Amino acid sequence: MKNHLLKLAGSVLITALLLWAIFSERGLADFVSIIANVEKSWLAIYLCLSLTALPLRALRYRLILRVMTEAGKNLTIMQAVIVAAIRNALV
């Protein structure tokens, strides 16, 4: 349990540092302005590609991690999607 709390605290700290780095250079108004000016069609294409890539990465991770897990304990597709989503969040 203590190990999970340390990992969670580390994740929160890194997220806070990244947000601080972003907003120390530009204010919230600049960030909102940038997001509002994004062309919607390109945003839709990006979202479609991202949502397509997520299950494909999950399948890849599932294949890779299957070799690393104990025999008979295959990674479920949902677990692989979670791994891929975490990877996407960190990239």
Side-chain angles (χ1 to χ4, degrees):
M1 180 72 171
K2 183 178 179 182
N3 193 21
H4 292 294
L5 290 176
L6 286 174
K7 289 178 184 178
L8 179 63
S11 296
V12 170
L13 178 64
I14 290 172
T15 300
L17 287 173
L18 288 172
L19 289 173
W20 174 81
I22 290 169
F23 292 120
S24 67
E25 284 291 317
R26 303 281 182 197
L28 181 60
D30 288 339
F31 182 73
V32 170
S33 174
I34 290 169
I35 297 300
N37 290 323
V38 170
E39 193 172 331
K40 304 304 183 242
S41 60
W42 287 108
L43 180 62
I45 291 169
Y46 170 78
L47 290 174
C48 287
L49 289 174
S50 292
L51 291 174
T52 302
L54 182 61
L56 293 175
R57 282 193 187 106
L59 290 172
R60 181 183 69 187
Y61 287 136
R62 186 175 183 207
L63 289 173
I64 292 169
L65 293 174
R66 182 181 294 165
V67 175
M68 299 169 66
T69 58
E70 297 177 21
K73 290 191 175 183
N74 290 333
L75 193 67
T76 68
I77 191 65
M78 195 59 201
Q79 290 169 326
V81 167
I82 291 169
V83 169
I86 291 169
R87 177 252 177 222
N88 288 352
L90 295 174
V91 171

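The structure displayed is predicted, hence computed values, not measured ones.
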Passing option when T15 is tested against L19, L17, V12 for side chain to side chain contact (heavy atoms under 4.5 Å, CB included): L19

Donor-acceptor contact below 3.5 Å, side chain S11 vs main chain K7: yes

Joint cluster assignment, V32 & L43, ILVMFWY side-chain distance < 4.5 Å: no

Nearest-0.5 Å distance that lies between atom CG in L13 and atom CG in L6: 12.0 Å

Interatomic distance, L47 atom CG to L51 atom CG [nearest 0.5 angstrom]: 6.5 Å

Minimum-distance pair of heavy atoms, taken over all atoms of A85 and L54: N-CD1, 3.5 Å

Nearest-0.5 Å distance that lies between atom CD1 in I45 and atom OG in S50: 11.5 Å

Flag if over 12 foreign heavy atoms under 6.0 Å of OH, Y46: no

